[in-house]
Amino acid sequence: MQYNGRKTDKEGISSKTLKYLLKLIGNLSRTGMEAGNNGDFDTAFLNITEALDHTRALDKKCLEAKLLNNLGILYTMQGAWDTALLNYDESLDIVVKYYGNTNFLYRTLQKNIQYLLIPM
């Protein structure tokens, strides 16, 4: 695993650093979604993508699935439904593989996908 250009394993990151990174990921996610809700999609995608990069470096699958769902939401808001569906599907694959189909995020993703596929 690499983090900030240096190789490390999961145990190679101090608990203080891990706590900081998880807080950073949460802040990036919140500010990204807030920016999307305000129509600032450049900032929204930048923040969510940065959070996703940190999450993948830490190998936090649940957070990765949540952030992919957030990307799907942002793409849905922009009307880029094909890209939204790709993100929802990737998130769903992670959720099913690691957490099963009784997970809350699984049900949320089903609703988000259904929104895209059922004509209004």
Side-chain angles (χ1 to χ4, degrees):
M1 174 173 165
Q2 274 201 359
Y3 198 78
N4 286 341
R6 66 186 164 103
K7 290 186 179 184
T8 182
D9 56 22
K10 290 179 193 175
E11 294 79 31
I13 298 175
S14 72
S15 61
K16 183 177 179 180
T17 301
L18 180 60
K19 186 176 179 180
Y20 166 79
L21 290 169
L22 292 173
K23 186 174 182 176
L24 175 64
I25 291 165
N27 287 336
L28 287 166
S29 178
R30 279 186 295 283
T31 58
M33 294 309 290
E34 184 178 304
N37 286 331
N38 292 327
D40 182 2
F41 290 103
D42 289 340
T43 299
F45 285 113
L46 183 69
N47 286 0
I48 297 296
T49 300
E50 184 179 342
L52 189 56
D53 289 344
H54 288 300
T55 299
R56 286 178 171 155
L58 294 172
D59 197 30
K60 298 291 185 183
K61 295 299 183 186
C62 185
L63 281 175
E64 182 178 354
K66 289 178 182 180
L67 290 166
L68 287 166
N69 178 60
N70 286 354
L71 277 177
I73 291 168
L74 291 173
Y75 282 115
T76 299
M77 292 168 68
Q78 273 198 320
W81 290 13
D82 289 345
T83 308
L85 187 57
L86 290 173
N87 282 278
Y88 291 144
D89 281 342
E90 188 176 352
S91 179
L92 192 61
D93 288 345
I94 292 169
V95 170
V96 169
K97 181 176 181 179
Y98 293 96
Y99 307 103
N101 62 2
T102 58
N103 182 283
F104 176 78
L105 186 53
Y106 178 86
R107 291 187 298 278
T108 299
L109 286 160
Q110 280 186 318
K111 289 176 189 175
N112 291 346
I113 291 169
Q114 199 171 38
Y115 173 81
L116 293 178
L117 299 178
I118 295 176
M120 292 190 199

Can you tell which of Leu63, Ile25, Thr17 makes a side chain to side chain contact (heavy atoms under 4.5 Å, CB included) with Leu58?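 By the side chain to side chain contact (heavy atoms under 4.5 Å, CB included) criterion, Leu58 pairs with just one of Leu63, Ile25, Thr17: Ile25.
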Shortest non-hydrogen contact between [X] and [Y], atoms and distance:
| X | Y | value |
| --- | --- | --- |
| Gly72 | Ala84 | O-CB, 3.3 Å |
| Ala35 | Ala44 | CB-N, 3.8 Å |
| Tyr106 | Asn101 | CD2-O, 3.2 Å |

Can you get from [X] to [Y] by hopping between Ile, Leu, Val, Met, Phe, Trp and Tyr side chains that sit under 4.5 Å apart?
| X | Y | answer |
| --- | --- | --- |
| Tyr115 | Leu86 | no |
| Met77 | Ile113 | yes |
| Leu46 | Tyr75 | no |
| Val95 | Phe104 | no |

Mind checking the [atom1]-[atom2] spacing from [X] to [Y]? Nearest 0.5 Å is all I need.
| X | Y | atom1 | atom2 | value |
| --- | --- | --- | --- | --- |
| Asn69 | Glu64 | CG | CD | 12.5 Å |
| Tyr99 | Leu105 | OH | CG | 9.5 Å |
| Ile48 | Glu50 | CD1 | CD | 10.5 Å |
| Leu74 | Thr49 | CG | OG1 | 9.0 Å |
| Leu28 | Lys23 | CG | NZ | 12.5 Å |
| Ile94 | Asn103 | CD1 | CG | 12.0 Å |

May I ask you to test the [X]-[Y] pair for a side-chain heavy-atom distance under 4.5 Å?
| X | Y | value |
| --- | --- | --- |
| Lys60 | Leu18 | yes |
| Met33 | Asn47 | no |
| Tyr88 | Leu116 | yes |
| Leu68 | Leu92 | no |

Between Glu90 and Arg56, does any side-chain N to carboxylate O distance fall below 4.0 Å?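 So Glu90 pairs with Arg56 through a salt bridge.
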Kindly write out the residues that satisfy salt bridge (Lys or Arg N to Asp or Glu O under 4.0 Å) with Lys19, not counting sequence neighbours, or none if the list is empty.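 Salt bridge (Lys or Arg N to Asp or Glu O under 4.0 Å) list for Lys19, sorted by chain: empty.
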Could you check Thr83 against Asn87 for side-chain contact (heavy atoms from CB on, under 4.5 Å), going step by step and ending with a plain yes or no? CA-CA 6 Å; Thr83 308; Asn87 282 278; 3.8 Å; yes
Cut-off 3.5 Å, side chains only: do Ser29 and Asn70 have a donor facing an acceptor?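 Yes.
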Any chance CG of Asp82 has more than 12 other-residue heavy atoms, nucleotides or ligands included, within less than 6.0 Å?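 Check fails, neighbour count at 12 or below.
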Kindly determine whether Leu71 and Leu52 satisfy side-chain contact (heavy atoms from CB on, under 4.5 Å), including the steps that lead there. CA-CA 9 Å; Leu71 277 177; Leu52 189 56; 3.9 Å; yes
